[in-house]
Protein chains: 2
Amino acid sequence: MNSLAYAILGVVSRTPVSGYDLGKRLELLWAANLSQIYPILSKLEEKELVRYELIEQIGKPNKKKYYVTEKGTQKLRTWIQEIPAEPIIRDEFIIKFYSIWLTDSEVAIQLLNNRKKIYLKKQQHFSEEVKKMEEDPTIDPTDKTLNHFSRYLLLTRRIRIFQFELDWCDDVLRLINQHN
Amino acid sequence: MNSLAYAILGVVSRTPVSGYDLGKRLELLWAANLSQIYPILSKLEEKELVRYELIEQIGKPNKKKYYVTEKGTQKLRTWIQEIPAEPIIRDEFIIKFYSIWLTDSEVAIQLLNNRKKIYLKKQQHFSEEVKKMEEDPTIDPTDKTLNHFSRYLLLTRRIRIFQFELDWCDDVLRLINQHN
DNA sequence: GCAGACATGTAAGCGGTTACATGATTCC
DNA sequence: GGAATCATGTAACCGCTTACATGTCTGC
């Protein structure tokens, strides 16, 4: 049982999904490839932490709709109470930025502008997700007892992180362009 | 040549270091274990991107002091100009927080307080590093042409990130403690 | 006609973690 | 007496990425 297995349990606990669906829903929690997700789903099923229902579709390939079992929710519940591993960030940009003194300022400016472009796009994507939640009359993101609450907080958190990154890039660009 | 190899080149380009030293200096760029660093140093040496000098010590084990070669700096310089891979964050806390609705609010509060404690400690550590730079009369972190510039910006960036995390935890704790 | 979404999987290989091995000195 | 620091490495294993395999429908 690794982190990804628990992330999968967390998603499946909210609503039954296919492995393919999981690939998208995990985006907010723990980025993973489908080639990683499918074997883990099989193992979770073996351990009876999830079970699936075969959905036959026309015009589309058949799919497996996964549900959590009571055993699965229980396992997740106890795991949450353990102290989490420390976060790890793998950001190539940081390595490149660290060594910009070896190049001229144009390279730094390009690096920063490229990063801004990426974070702007990501921010837009997550803003749309938030909008969907806010416009859905069946969802109240402020109700602390429901699962929407934490998802809403993580979505808005992401947008804030992206804003942080955009602001930082602007700050550094201003410093670089300053003539002194 | 993976990201870590370039991170190592980036550190060695600033000042000659031992593999053991690298373990600490990489903290700001790309966290790595010594068991990963030593084999990469050997490969970089084989490729003539770095070379080393044996330093015999008394009372301490002997060490290898690594230097970049011209070939190494050149390799790093060209790599910086390529578009960096997108950042990856692996944060177990996020998975746990996502599923707090399965538990009671005390678990969430514990999770957030634990996170605050960790980030406070990290912030203190990096604040000390910044202080060292600011108090060193031989270092001018505002000089854009020198390598201190980018290191200073990455250090202060880190402190800002930790402050962001601390603020976010406080925001969520306030929401949870609100009686409505 | 071709890219992309939908859908599930396997296999090879790379990157990173943990454990093992060795050994002196310093600090509590 | 034990933990931490300094110092270099190897080996096993786990996690993740990339490539491969297969097939239909939709939209450009």
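First the proteins, then the strands, lettered A, B, ... as listed; each starts at 1. From a predicted model like this one, the values you see are computed outputs, not experimental measurements.
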Pair [X] + [Y]: basic N to acidic O under 4.0 Å:
{"X": "B/Lys116", "Y": "B/Asp170", "answer": "yes"}
{"X": "B/Glu48", "Y": "B/Lys71", "answer": "yes"}
{"X": "B/Lys131", "Y": "B/Glu134", "answer": "no"}

Exercise. Please step through salt bridge (Lys or Arg N to Asp or Glu O under 4.0 Å) for the pair B/Asp91 and B/Lys96, ending with a clear verdict.
Key: CA-CA 9 Å; B/Asp91 191 351; B/Lys96 298 196 181 205; over 6 Å; no
Self-check item: Most 5' of A/Pro39 and A/Pro61 on DNA chain C, judged by nearest nucleotide
Solution: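 With A/Pro39 and A/Pro61 compared, the 5'-side residue is A/Pro61.
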Exercise. Classify the angle between the aromatic ring planes of A/Trp79 and A/Tyr6 as parallel (below 30°), tilted (30 to 60°) or perpendicular (above 60°).
Key: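 Rings of A/Trp79 and A/Tyr6: parallel, under 30°.
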Quiz item: D/dA7 phosphate, OP1 or OP2: any side-chain N/O from B/Gln57 under 4.0 angstrom?
Solution: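 Affirmative; the distance criterion is met.
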Self-check item: Value rounded to 0.5 Å, distance of CG in B/Leu120 from OG in B/Ser127
Solution: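 Here the rounded value is 10.0 Å.
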Quiz item: When rounded to the nearest 0.5 angstrom, what distance separates CZ in B/Arg151 from CE in B/Met133?
Solution: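 Taking CZ in B/Arg151 and CE in B/Met133, the distance rounds to 5.5 Å.
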Quiz item: For B/Tyr98, is the NZ or CZ atom of A/Arg14 found under 6.0 angstrom from the centre of its six-membered ring and inside 45 degrees of the ring axis?
Solution: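 Flagged: A/Arg14 positioned over aromatic ring of B/Tyr98.
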Quiz item: Under 6.0 Å from the six-membered ring centre of A/Phe149 and within 45° of its axis: does the NZ or CZ of A/Lys144 meet both?
Solution: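 Here A/Lys144 fails the 6.0 Å and 45° test against A/Phe149.
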Quiz prompt | Side-chain heavy atoms of A/Leu76 within contact of A/Leu49, under 4.5 Å | solution =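 No, their side chains stay 4.5 Å or more apart.
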Nearest whole Å is fine: how far is [N] [atom2] from [X] [atom1]?
{"X": "B/Ile58", "N": "D/dC6", "atom1": "CD1", "atom2": "C1'", "answer": "14 Å"}
{"X": "A/Lys63", "N": "D/dT24", "atom1": "NZ", "atom2": "P", "answer": "19 Å"}
{"X": "A/Leu34", "N": "D/dT22", "atom1": "CG", "atom2": "C1'", "answer": "15 Å"}
{"X": "B/Glu56", "N": "D/dT8", "atom1": "CD", "atom2": "P", "answer": "13 Å"}
{"X": "B/Tyr20", "N": "D/dC6", "atom1": "OH", "atom2": "C1'", "answer": "5 Å"}
{"X": "B/Ile55", "N": "D/dC6", "atom1": "CD1", "atom2": "P", "answer": "16 Å"}
{"X": "B/Asn62", "N": "D/dC6", "atom1": "CG", "atom2": "C1'", "answer": "11 Å"}

Self-check item: Minimal non-hydrogen separation, A/Gly23 against A/Ile37, with atom names
Solution: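 Residues A/Gly23 and A/Ile37, closest heavy atoms: CA-CD1, 3.6 Å.
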Quiz item: When you list every nucleotide of DNA chain C with an atom under 4.0 Å from a heavy atom of chain A, which one comes first 5' to 3', and which comes last?
Solution: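 Terminal contacting nucleotides, 5' to 3': C/dA5 to C/dT17.
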Practice problem: Enter the inter-axis angle for the ends of the helix from C/dG1-D/dC28 to C/dC28-D/dG1 (five pairs per end, rounded to 10°). | Solution: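 Answer rounded to 10°: the end axes differ by 50°.
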Quiz item: Across the strands shown, which category fits A/Lys24 at heavy-atom distances under 4.0 angstrom: base, sugar-phosphate, nothing?
Solution: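 Sugar-phosphate contact only - A/Lys24 comes under 4.0 Å of backbone atoms but never of a base.
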Exercise. Give the B/S/- string for nucleotides 12-18 of chain D, one per nucleotide from 5' to 3', where a protein heavy atom under 4.0 Å of the base yields B, of only the sugar-phosphate yields S, and otherwise -.
Key: ---SBBB
